[in-house]
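In what follows, a single structure is set out as structure tokens and then discussed.
Just follow the structure's listing: the first ligand is 1, and inside any ligand the first atom is 1. Positions are given from 1, in the same order as the sequence printed here. Everything numeric here is computed off the predicted structure, so don't read it as measured data.
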Amino acid sequence: MRYIIFSDLHSNLEALTQFQKEIETVGYDKLVCLGDIVGYGADPNSCVQWVRENADVTVAGNHDWAAVEKTDANYFNSYAYESCLWTRKKLTAENKNFLRSLPLYHEEGGVHWVHASPFEPDAWHYVTSKAGAERHFKSFETPICFVGHSHKPVVIEQTADGVVSDYVAEFCGVASGTRYIFNDGSLGQPRDGNPAAAFIIYDSDEKTVQVRRFEYDLNSAQKKIRENGLPHYLAERLAHGR
Ligand code: ZN
């Protein structure tokens with residue numbers, strides 16, 4: 001089974017448009033969205049609509065639930081908060097219902113799928129390194145977990161004797177007996193210093209995980225953010241990947 005895994009699209013229709021071309025070329029059996037479809041960007045409805053129609057599995061992100069007042073937006077920084085209020089006004093009732101209906105996590109195919117963290121998924125913890133990773137490994141039963149949320153791709157692994165390590169890799173072979181947490185980066189607002197959009201290809205037969213990056217029409221995405229009166233910083237950060 002070949003899975004395409006993406007998250008943190010953040011209403012970036014330009015990244016999504018190019019993503020559709022990329023995944024057609026790759027080919028896949030299942031498409032998994034790890035949340036944060038909305039927030040920050042200028043096209044919330046088109047993005048939610050596409051995910052509704054195309055993703056086989058979708059879990060809720062903090063921005064998705066904040067947009068429908070299902071999680072607290074008061075802890076957001078001012079840019080996130082402002083764009084959240086804007087997104088609430090823009091989203092159609094149908095798209096809001098979809099976001100409201102999303103589960104916090106999903107298990108299928110020997111994989112735990114969650115937006116932020118396996119431990120306390122509704123507290124939206126960041127899983128970015130081996131520091132504190134034991135509590136996350138204890139919070140799911142499957143060999144593999146995929147997360148998003150930090151917008152930075154990373155691999156965290158725990159060997160059979162309990163040793164935990166982390167690293168950044170474009171390609172990773174999945175060893176039996178070892179458990180993994182893979183962070184898929186971000187499709188719509190990368191923050192690892194690389195402005196190229198990121199997604200993951202997981203092949204459960206070949207036991208491989210690959211991070212793919214691609215360029216998209218960043219200028220149009222930036223222009224729309226500015227034209228819609230969203231904070232200009234949200235446009236600028238796309239060019240720097242942070
Ligand atoms: Zn996000």
Which is the closest N/O/S atom of [X] when seen from the Zn ion (ligand 1)?
X	result
D36	OD2
D8	OD1
H151	NE2

_Quick check on the Zn ion (ligand 1): does H115 put an N/O/S atom closer than 2.8 Å to it?_
no
Do R237's NZ or CZ and the ring of Y40 fall within the cation-pi criteria of under 6.0 Å and 45°? yes
- prompt: Any side-chain heavy-atom pair from L99 and L91 closer than 4.5 angstrom?
  reply: yes
For V59 and L102, the nearest pair of non-hydrogen atoms, with its separation, is O-CD1, 4.0 Å
### Task
Determine the minimum heavy-atom distance between T87 and A67, stating which atoms define it.
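Nearest pair, atom of T87 first, then A67: CG2-CB, 4.2 Å.
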